[in-house]
Structures are given as structure tokens and as C-alpha cells.
Colleague: 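I have a structure here, written as C-alpha cells, and I will follow up with some questions on it.
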Number of protein chains: 2
Amino acid sequence: MLKPPHSQPAIETTDPRVQRSRRMLMDALVKLLTEKEFADVSVQEIADEATLNRATFYLHYPDKDALLQATTEARFRELIARRGLSFTDCDGALRAIALGVCDYLAETTSCPSQLSQMPLENSVISLVEGMFQEGASAHGVEPSAEVALRGTAVAWAIFGAARHWFLTTERLPAEEMAAKIEVMVKPMLLNASH
Amino acid sequence: MLKPPHSQPAIETTDPRVQRSRRMLMDALVKLLTEKEFADVSVQEIADEATLNRATFYLHYPDKDALLQATTEARFRELIARRGLSFTDCDGALRAIALGVCDYLAETTSCPSQLSQMPLENSVISLVEGMFQEGASAHGVEPSAEVALRGTAVAWAIFGAARHWFLTTERLPAEEMAAKIEVMVKPMLLNASH
DNA sequence: TTCTCCTATCGACAGGTGTCGAGTAATCAA
DNA sequence: TTGATTACTCGACACCTGTCGATAGGAGAA
């Protein structure tokens, strides 16, 4: 469900030991996910795979959902960065974001069967939301409830569409899908953004 | 996560014992949710509250998430039915659905603090999706990948917007919000539906 | 180096989970 | 009513969870 305690604690630490432990835990989870479902992975297994003690796991994440969340977020951020997403051109950004989400789903969930489930969504959607906020403020659109609402709705629409695409057999190339999503979703932004 | 086994098994049984047990489990969960967080509710507590054996719980649902899912779906269906949502007028339907989702979130999650989390979404979104399918086919729009995609994206957008609204302090009346959502989301449907 | 702070380790704990086999009781059809 | 079927109960099982206190061990500053 929700992790109010260390919801976003897993960031900002310079201590190399901490960095190392967290990376090892993430890598361990990713490896285990190529072998079995998330639900079938225990904290003990993750700790073993990471060559860390189980108690150490709980020093960093409240439970395995939080680790999945953090891992997901890190991978998605990296993917976006690798694509060199810049918000200098407003027009390309929408398609790029859609493409990023499609790519992300296709890449990180192709392993066992359908990991395309819920815990992933929280982090990805809120990241996409953040991108819209960023993009809007970068272009002088002052933040308002209206803008925030539209950003949220668009983020959810994009994720929902990308997920739909991902769950489809015989799917189109990601680029085509991203273009489709762009034209479908763009009208939602036109009334209130600049 | 996902429950492939009895994902939608909780339907269609005439045996009164089954009906009774499932209803008692749902009612028990609803009652317990007024007292504590979902994460803090154990299967044993649910069974006790329902005056059923714990093993009986597992005869009906694979875990407590599945019960929450089923309970959620039942409540949302009932709410929609109570509002007398009809799809005879295409124009009102969109706003009515948005209103239904807002109502739903406001009603079922006001109890402890924030239950507005993930397990709920699956069922509600797919229900809304189903409504679009239904509405489209009722008006002679032949089913296509395009229509399905738009329905999905709209469902996610509505849910995301309603959730955003729900998590806002000082929120507008649900009716106003639903109207806002309608105008925001409607353009997504215009190109491909009739 | 030495000292301090923080992280990682270890063993153990009370509790929860999901499943099983065997027995009881309710339902439905013949 | 009888008999077959199915739901429910019960106790027990191995395992996982989240947390604790005590201890060892690196990182960085004095």
C-alpha cells in the first residue's frame, strides 16, 4: 500500500556503504525478477542475492514494495536520461514522454510474464506528472490547480494507454504508439497551458 | 499484485452458503477499515469479524488484496447503479462517470486516512473502461483497437483526475469537478467515436 | 593513530501467511 | 428420505515478516 515513513528516503546519501548496499539490493531484485514473480520473491532471497543480511534490507527499505518502487523509479529515470529528453521543445516532449513510458514497460516487464501490475505505476505516473510541472514552469506557465490537474490527467492517460499497448499481443512499434498517444492526449493540454 | 487464479472467481455461484460467506467477508473488511489501515488488517481478523474460519477465507479469496478488490468493485457497481447511470444520452454519460468515480473515492476512502492507494484502481478503472465499451457498442460504434485504446486512456485520465481531486485539501464539490473533468477529457474521444 | 559515528551483522522474537488432511454439516437432486 | 456433493471447521505445518538489542567493523575527523 503506502509507505509514509521512508517513502522517499532512499535518496541523497553520500556514504559509499549506503550507496553500495542499495545498489546491490536493486540489482538483486532485478535479477530475481527474471526468474520468478515479484510476489514469490522474499526479502530473505533478495538479501541473500545481494550478499547482505536481511536486517540490512530493512535498514534501507520498509518492505519489498518500497524496493520495487525505488528500483522502478531509478530505471525509468535512467531510461529517460538515456533518451536525452529535453524540455526545450514543447512539441517533441509529449511524444518523447509517451515513448519513454512505452519503452519502459516493454523493457522492464518483459521478463517473467506480467509484472505490469500496480506497484510500478505509482512511481512512473508521479514522475511523468513531475515532468509536466517542470515543462510548464520552464515555459512561464505559472503553477495553478488547473495546470496541476491537467498534468495529472495527462500522466494517467499516457500511462494507461501505454499499459494497454503493452498488454496487447501483436503490438505496434513503440514509436508509432507514442505518436498515437501524442495526438490523442494533446487536446487535453491545449485549453490551459500556454 | 495480480491474482491470476481466482481473479474473477468471486462471481456466479448460486449456493447460498457461498453468497453468505462472501458477503460476510466483505462486510467484515469494510467494518475493519473504519478502524484501521488496510495494511494493518490481518486475514485472521477479517475471518473473526465475519465469524468464519480463516481457512474459509482462503476458499474464496487468494489473499486480502483480492477481497479488497472484490469489495471495491461491488461497491462501485452499486454506487453507479444507485445513481441510475444510463447510456441513453451520450453527453451526460461522461460527466456521470466522472462524478461516479469522484463520489466513489470520497465515499469509500474517507474512513481511516488515505486508502486511496493502488489495489482499488485496478477494479475501478477496468469498470470505467467497460462502460465505454458498452456505451460505444450501444451506439453502433464497432469495436476496434482504436476505440479500445481511447476508452482505456479516458478511463485512466478520469481516475487520475478524480484521485488528484480527492487528495486535494479544500476540494471543490464533486459535481463541479466532474464537469471540469468532462470538458477536459471529452476532446480525447472526439476523433474516433461517432 | 585514535576516537567517534554510523552502518552492517547476527540471533531471536511474536505474529501473520498460505496450505494441508481429516472431520462435520449444510445443500441439492433423485 | 436418501445419497452425493460441496462448503465449512479445526489443528497443524513450514515459511515469511518486521523488529529488537547486542556486537562487530568500516569511514572520516581530530
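Below, each value reflects all heavy atoms present in this structure, side chains not excepted, and no hydrogens, waters or symmetry copies. Just so we're on the same page: letters track the sequence lines, and every chain starts at 1. Keep in mind that this is a model prediction, so the values were computed, not measured.
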Colleague: Show the nearest heavy-atom pair for residues A:R171 and A:T168, with the distance to one decimal.
Modeller: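 Distance-wise, the nearest heavy atoms are NE-O, 3.7 Å.
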Colleague: Is there a side-chain polar atom (N or O) of B:Y58 under 4.0 Å from OP1 or OP2 of C:dT19?
Modeller: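 Negative; the distance criterion is not met.
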Colleague: Between C:dA8 atom P and A:Q19 atom CD, what is the distance in whole Å?
Modeller: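 The distance from CD of A:Q19 to P of C:dA8 comes to 11 Å, rounded to the nearest Å.
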Colleague: Give a yes or no on whether a salt bridge exists between A:D27 and A:R23, defined as a side-chain N under 4.0 angstrom from a carboxylate O.
Modeller: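 Salt bridge between A:D27 and A:R23, a charged N being under 4.0 Å from a carboxylate O: yes.
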Colleague: Please pick, from D:dG25, C:dT27, D:dG18, the nucleotide with the shortest atom-to-atom distance to any side-chain atom of A:R17.
Modeller: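 Side chain of A:R17 sits closest to D:dG25.
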Colleague: Answer yes if the side chains of A:Q44 and A:D48 hold a donor-acceptor pair under 3.5 Å, and no otherwise.
Modeller: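 A:Q44 vs A:D48: donor-acceptor pair found between side chains.
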Colleague: Just the rounded figure in Å: distance from P of C:dT7 to CZ of A:F57.
Modeller: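 Interatomic distance, CZ of A:F57 to P of C:dT7: 17 Å.
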Colleague: Take the protein atom CG of B:D15 and the nucleotide atom P of D:dA4, then report the distance between them rounded to whole Å.
Modeller: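 Rounding to the nearest Å, CG of B:D15 and P of D:dA4 are 19 Å apart.
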Colleague: Do NZ/NE/NH1/NH2 and the carboxylate oxygens of A:R150 and A:E146 come within less than 4.0 Å?
Modeller: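 A salt bridge links A:R150 with A:E146.
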Colleague: To the nearest Å, give me how far apart CG (A:D48) and C1' (C:dA8) are.
Modeller: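 Distance, rounded to whole Å: 15 Å.
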Colleague: Find which nucleotide of DNA chain C each of B:K64 and A:R20 is nearest to by heavy atoms, and output the residue with the more 5' nucleotide.
Modeller: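 In this pair, the answer is A:R20.
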Colleague: So if I take every side-chain heavy atom of B:D63 and compare against C:dT7, D:dA7, C:dG18, which nucleotide ends up nearest?
Modeller: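 Nearest listed nucleotide: C:dG18.
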Colleague: Report yes if a side-chain nitrogen or oxygen of B:H60 is closer than 4.0 Å to either non-bridging phosphate oxygen (OP1 or OP2) of D:dC8; otherwise report no.
Modeller: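 For B:H60, the contact criterion (side-chain N or O under 4.0 Å from OP1 or OP2 of D:dC8) is met.
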Colleague: State whether the side chain of B:W165 and the backbone N or O of B:L172 hold a donor-acceptor pair below 3.5 Å, judged by distance alone.
Modeller: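 The answer is yes, because a donor-acceptor pair under 3.5 Å joins these two groups.
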Colleague: Separation of A:D40 atom CG from D:dA14 atom C1', in whole Å?
Modeller: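 A:D40 atom CG is separated from D:dA14 atom C1' by 16 Å.
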Colleague: Counting C-beta onward and ignoring hydrogens, is there a side-chain heavy-atom pair between B:R22 and B:L67 closer than 4.5 Å?
Modeller: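 Heavy-atom side-chain distance check fails, nothing below 4.5 Å.
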Colleague: Determine, for nucleotides 9-16 of chain C in 5'-to-3' order, which nucleotides have protein heavy atoms under 4.0 Å from the base (write B), from only the sugar-phosphate (write S), or from neither (write -).
Modeller: BB-B---S
